[in-house]
Engineer: 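My structure is below; once you've seen it, I'll send some questions.
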Amino acid sequence: MSEALRQALARVATSMGADGVDFVVERPKDAGHGDVATNLAMVLAKVQKAPPRAIAARVIEALDLPAGVVEKTEIAGPGFINFWLASDELGNSLRAVIDAGPRYGAHDFGKGIRVNIEFVSANPTGPLHVGHGRGGALGDGIAALLAWTGHQVTREFYINDAGVQIDRVGQSLWARVQEAVGRPFAIPEGGYHGDYLKENAAQILAREGRAFADLPEAEGVRRCRALALVMQREEQDHDLASFGVRYDVMTSEQAFYDRGAIPATLALLESRGLTFERDGALWFRTTDFGDDQDRVLRKSDGSYTYFLPDIVYHVDKHERGFDRVIDVWGADHHGYIPRVRAALRALGYPDEFFDVSVVQLVKVLRGGAEVKMSKRSGEFVTLRDLVEEVGPDAARYFFLMRRGDAQLNFDLDLATSQTDENPVFYVQMAHARVSGIFRVAGVAPDSATADVRLDALPAPEDRELLKKLTAFPDVTARAARDREPHKITGYLEELARLTHGWYHKCRVLGEPPEVERARLALARATRIVLANGLTLLGLTAPDRM
RNA sequence: GCGCCCGUAGCUCAGGUGGAUAGAGCAUCAGCCUUCUAAGCUGAGGGUCGUAGGUUCGAAUCCUACCGGGCGCACCA
């Protein structure tokens, strides 16, 4: 509805000789400033060198709007123009919510844009930790936002199954197998000490028999390597699934080696003159493309650095036809961004092709003190422990409620509390309460129709709640554009607060028939928006709690 | 030393591409209340937006320097 207003204002700007000026049409924070406001007059004042308030008067004079949209206009403060929308307009917005239903808040501005979002991509060397959980929630949340705004989204997990880390897991697991049959054993230098490998060793012996431990060491290690890979990947998938995260594509690093993509890409880089040799190693001239130093692709011992397969991987994504790729990385990898960006720039990809969302550390707190580790991993809190303790909804919500690039305190006491201090509980409770109205009335929410008289919503709380509902599409658009799911949780908490207040103040059932009908429609619309926000973030919207 | 992120109320944090008196929750204080599901509701106090400059009609927001915290600066992955 503010779009029509924006266009009308743009026409005025053009007629006043300021075609294409950049001005804002917004919902004022303060209800005393109307339903919609613009700074157009102040922007024009700069161009026209005239007092903003005088310009504002001329803008209002020239404004050509259809009848029945705006009820009142005023000039305020330094030169803002505030608009109060007519009641029919609010009635229309109630209808818009109910008509769109589960699609209310969706957009199509991303139509035709193919986006690949890769997240978690944990090494298959052990359990996932809470940082992976945050990456999973954020990646999945961004993916959902992009899908909600019409983008064609692929969720992807990259398996680092080719490096030395996985070799060490194989050696460590073989050591655990030896330990399990009572022989001397040693976890190798740089190996993995967590208890989970003892569990895996026991599983292998149970399945393959004790003779497995008698294999020649080289073969035993090789088989352990393959088995560990499968077992750890299964565990990770299980943990992610129990957390509500699923992938469209799993990509194996090893597969790039197997099909010869590594030397092929290397040859491409060399043929384009992007490389040089120094000290027996082959370097990528990334400084020519914005990096602060050149980077090694092939070490002097002939093996590749991790950088090269990573370039190959991004080239692969490009060749698969994606317009954009978004990588969700932990903060400890942020220094890696410039070199990857430089490499892709060198290959001629547009800068907007590649972007990284960085997730900062998660600090887990219980009783105000930091929880440092869980027994099974031996060194960190696992995602599994966290989800088992607080449940998938609270886990996801807490991971999403802060912007990704700020550190997060995950308060276990708060996440498990059944009070309104717990934001997940508070938002879900709002949905349950509104649902409860229909349960008590003995009617389905869908039976409440939008053909109601708006003046049958007499309380200020009615109007405030309705206005908040109409803001949801803007919130989803901004959250998607900025890739910030926390904007949704913040909105949901505000909406839940208004919903609880409305619920408390405004009775629905037993009111005069006109009012009851109108409030049932408002309750239905509120339920729709709360549910859409929650499901968008991968959370449940319970009808009772 | 260099780079990235962060610094907003006692605490945890929001603050559209610069806009109107900087917001919310918790905590504190003062009243009220027990109702379609929560021990709930209403109000109050509390801020030099890390510091100092700059840009502008206007800066928490943009620029510069500095201070404090986190992370990263491999022929590791």
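In what follows, chains carry the letters A, B, and so on, assigned in the order in which the sequence lines appear, proteins first and then strands, with residues in each chain numbered from 1.
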Engineer: Which whole number of Å gives the distance between the P atom of B/rC13 and that of B/rU17?
Structural biologist: 22 Å
Engineer: What contact category does A/S300 fall into here, base, sugar-phosphate, or nothing, at under 4.0 angstrom with non-hydrogen atoms?
Structural biologist: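 Answer is base: heavy atoms of A/S300 come under 4.0 Å of a base.
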Engineer: Please state the C1' separation for the pair B/rA9 and B/rG46 - nearest whole angstrom.
Structural biologist: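 The answer is 6 Å between these two C1' atoms.
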Engineer: Any chance you could encode RNA chain B as dot-bracket? Rule is Watson-Crick or G-U wobble with both distances under 3.5 Å; [ ] for pairs crossing earlier ones, | for another strand.
Structural biologist: (((((((..((((.....[...)))).(((((.......))))).....(((((..]....))))))))))))....
Engineer: How would you label the glycosidic angle of B/rG46: syn (within 90° of 0) or anti?
Structural biologist: anti
Engineer: Please assess A/N160 against A/Q165 for the test side chain to side chain donor-acceptor pair (under 3.5 Å), listing each intermediate value before the final yes or no.
Structural biologist: CA-CA 9 Å; A/N160 293 113; A/Q165 296 306 322; over 6 Å; no
Engineer: Does B/rU37 have OP1 or OP2 sitting under 4.0 Å from an N or O in the side chain of A/Y503?
Structural biologist: yes
Engineer: Under the rule for side-chain hydrogen bond (donor to acceptor under 3.5 Å, both in side chains), what residues qualify as partners of A/D327, not counting sequence neighbours?
Structural biologist: A/H314, A/K317
Engineer: Side chain of A/F80: nearest nucleotide among B/rG19, B/rC36, B/rC75?
Structural biologist: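 Taking heavy atoms from C-beta onward, the closest nucleotide is B/rG19.
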Engineer: Verify, without hydrogens or angle tests, whether A/R225 (side chain) and A/Q171 (backbone) share a donor-acceptor contact under 3.5 angstrom.
Structural biologist: no
Engineer: Base, sugar-phosphate or nothing for A/K487? Non-hydrogen atoms, less than 4.0 Å.
Structural biologist: sugar-phosphate
Engineer: Could you tell me whether the side chain of A/S172 and the main chain of A/Y192 form a donor-acceptor pair under 3.5 Å?
Structural biologist: yes
Engineer: Could you tell me which non-hydrogen atom of A/F380 sits nearest to which non-hydrogen atom of A/P127, and how far apart they are?
Structural biologist: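 Nearest pair, atom of A/F380 first, then A/P127: CZ-O, 3.6 Å.
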Engineer: Determine the contact category for A/M545: base if any of its heavy atoms lies under 4.0 Å from a base atom, sugar-phosphate if only primed atoms, P, OP1 or OP2 are that close, otherwise nothing.
Structural biologist: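 Base contact.
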Engineer: Would you classify A/D543 as touching base, sugar-phosphate or nothing, given that sugar-phosphate means primed atoms plus P, OP1 and OP2, and contacts are heavy atoms under 4.0 Å?
Structural biologist: base
Engineer: From the list B/rC36, B/rA20, B/rC5, which nucleotide is the closest neighbour of the side chain of A/D405?
Structural biologist: B/rC5
Engineer: Using atom C1' of each nucleotide, how far apart are B/rU34 and B/rU28 to the nearest Å?
Structural biologist: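 It works out to 24 Å between them.
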Engineer: On a heavy-atom basis, which atom in A/V371 and which in A/L365 lie closest, and how many Å separate them?
Structural biologist: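 So the minimum-distance heavy-atom pair works out to CG2-C, 4.3 Å.
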Engineer: Considering only B/rG40, B/rG15, B/rC75, which nucleotide approaches the side chain of A/D420 most closely?
Structural biologist: B/rG40
Engineer: Tell me whether the rings of A/Y313 and A/F256 are parallel (<30°), tilted (30 to 60°) or perpendicular (>60°).
Structural biologist: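 Because their plane-to-plane angle lies in the 30° to 60° range, the rings of A/Y313 and A/F256 count as tilted.
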Engineer: Roughly how far apart, to the nearest Å, are B/rU8 and B/rG50 at atom C1'?
Structural biologist: 10 Å
Engineer: Need one value for A/R439: base, sugar-phosphate or nothing, where a base atom within 4.0 Å counts as base even if backbone is also close, heavy atoms only.
Structural biologist: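 Base contact - A/R439 has a heavy atom under 4.0 Å of at least one base atom.
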Engineer: Do A/N82 and B/rA20 share a donor-acceptor pair, side chain to base, under 3.5 Å?
Structural biologist: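 Yes.
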Engineer: Counting only side-chain heavy atoms from C-beta out, which of B/rA38, B/rA77, B/rC75 sits nearest to A/Q165?
Structural biologist: B/rA77
Engineer: Base, sugar-phosphate, or nothing: which does A/N123 touch, judged by heavy atoms less than 4.0 Å apart?
Structural biologist: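 Touches sugar-phosphate only.
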Engineer: Looking at B/rA20, B/rC36, B/rG16, which one has an atom nearest to any side-chain atom of A/I437?
Structural biologist: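 Closest nucleotide to the A/I437 side chain: B/rC36.
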Engineer: Under 4.0 angstrom, heavy atoms only, what part of the nucleic acid is A/A37 near: base, sugar-phosphate, or nothing?
Structural biologist: base
Engineer: C1' atom, B/rU21 versus B/rA60: distance in rounded Å?
Structural biologist: 15 Å
Engineer: What's A/R278 touching, base or sugar-phosphate or nothing? Going by heavy atoms closer than 4.0 Å.
Structural biologist: base
Engineer: Is there a donor-acceptor pair under 3.5 Å between the side chain of A/R524 and the backbone N or O of A/T449?
Structural biologist: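 Not at all, since once roles are kept as given, no pair shorter than 3.5 Å links the two residues.
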Engineer: Look at the rings of A/Y336 and A/H333 and say which category their plane angle falls in: under 30° parallel, 30 to 60° tilted, over 60° perpendicular.
Structural biologist: perpendicular
Engineer: Does the side chain of A/K299 get closer than 4.0 angstrom to OP1 or OP2 of B/rC76 through an N or O atom?
Structural biologist: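 Yes, such a contact exists.
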Engineer: How are the rings of A/Y426 and A/H500 set relative to one another: parallel (under 30°), tilted (30 to 60°) or perpendicular (over 60°)?
Structural biologist: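 Ring orientation of A/Y426 relative to A/H500: tilted.
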Engineer: For A/D411, answer base if it contacts any base atom (sugar-phosphate contacts may also be present), sugar-phosphate if it contacts only those atoms, and nothing otherwise; contact means non-hydrogen atoms under 4.0 Å.
Structural biologist: nothing
Engineer: Parallel under 30°, tilted from 30 to 60°, perpendicular over 60°: which one fits the rings of A/F307 and A/F284?
Structural biologist: tilted
Engineer: Determine the Euclidean distance between corresponding C1' atoms of B/rG54 and B/rA59; express it in Å to zero decimal places.
Structural biologist: 11 Å
Engineer: Determine the contact category for A/V508: base if any of its heavy atoms lies under 4.0 Å from a base atom, sugar-phosphate if only primed atoms, P, OP1 or OP2 are that close, otherwise nothing.
Structural biologist: base
Engineer: When you get a sec, tell me which of B/rG16, B/rU12, B/rC36 is the closest nucleotide to the side chain of A/R507?
Structural biologist: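 Nucleotide nearest to A/R507's side chain: B/rC36.
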Engineer: Rounding to an integer number of angstrom, what distance separates B/rG31 and B/rG23 when you compare their C1' atoms?
Structural biologist: 24 Å
Engineer: Is the shortest side-chain N/O distance from A/R403 to OP1 or OP2 of B/rC5 below 4.0 Å?
Structural biologist: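 A/R403 to B/rC5 OP1/OP2: no side-chain N or O under 4.0 Å.
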Engineer: Please list residues of residues 326-344 of chain A whose heavy atoms come under 4.0 Å from any atom in RNA chain B, ordered by number; otherwise none.
Structural biologist: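 RNA chain B contact set from residues 326-344 of chain A: A/A331, A/D332, A/H333, A/H334, A/G335, A/Y336.
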Engineer: For the side chain of A/H486, starting at C-beta, report the closest nucleotide among B/rA38, B/rU17, B/rA14.
Structural biologist: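 Of the options given, the side chain of A/H486 lies nearest B/rA14.
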Engineer: Does A/A441 reach a base, just sugar-phosphate, or nothing at all? Heavy atoms under 4.0 Å.
Structural biologist: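 Result for A/A441 = nothing.
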Engineer: Mind checking A/Q293 for me? I need base, sugar-phosphate or nothing, with any heavy atom below 4.0 Å counting as a touch.
Structural biologist: sugar-phosphate
Engineer: The side chain of A/R433 lies closest to which of these nucleotides: B/rU17, B/rG19, B/rU37?
Structural biologist: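 Closest nucleotide among those given: B/rU37.
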Engineer: Might you point out which heavy atoms bring A/A162 and A/Y257 nearest each other, and give the distance in Å?
Structural biologist: CB-CE1, 3.7 Å
Engineer: Distance between the P atoms of B/rG47 and B/rC2, in whole angstroms?
Structural biologist: 37 Å
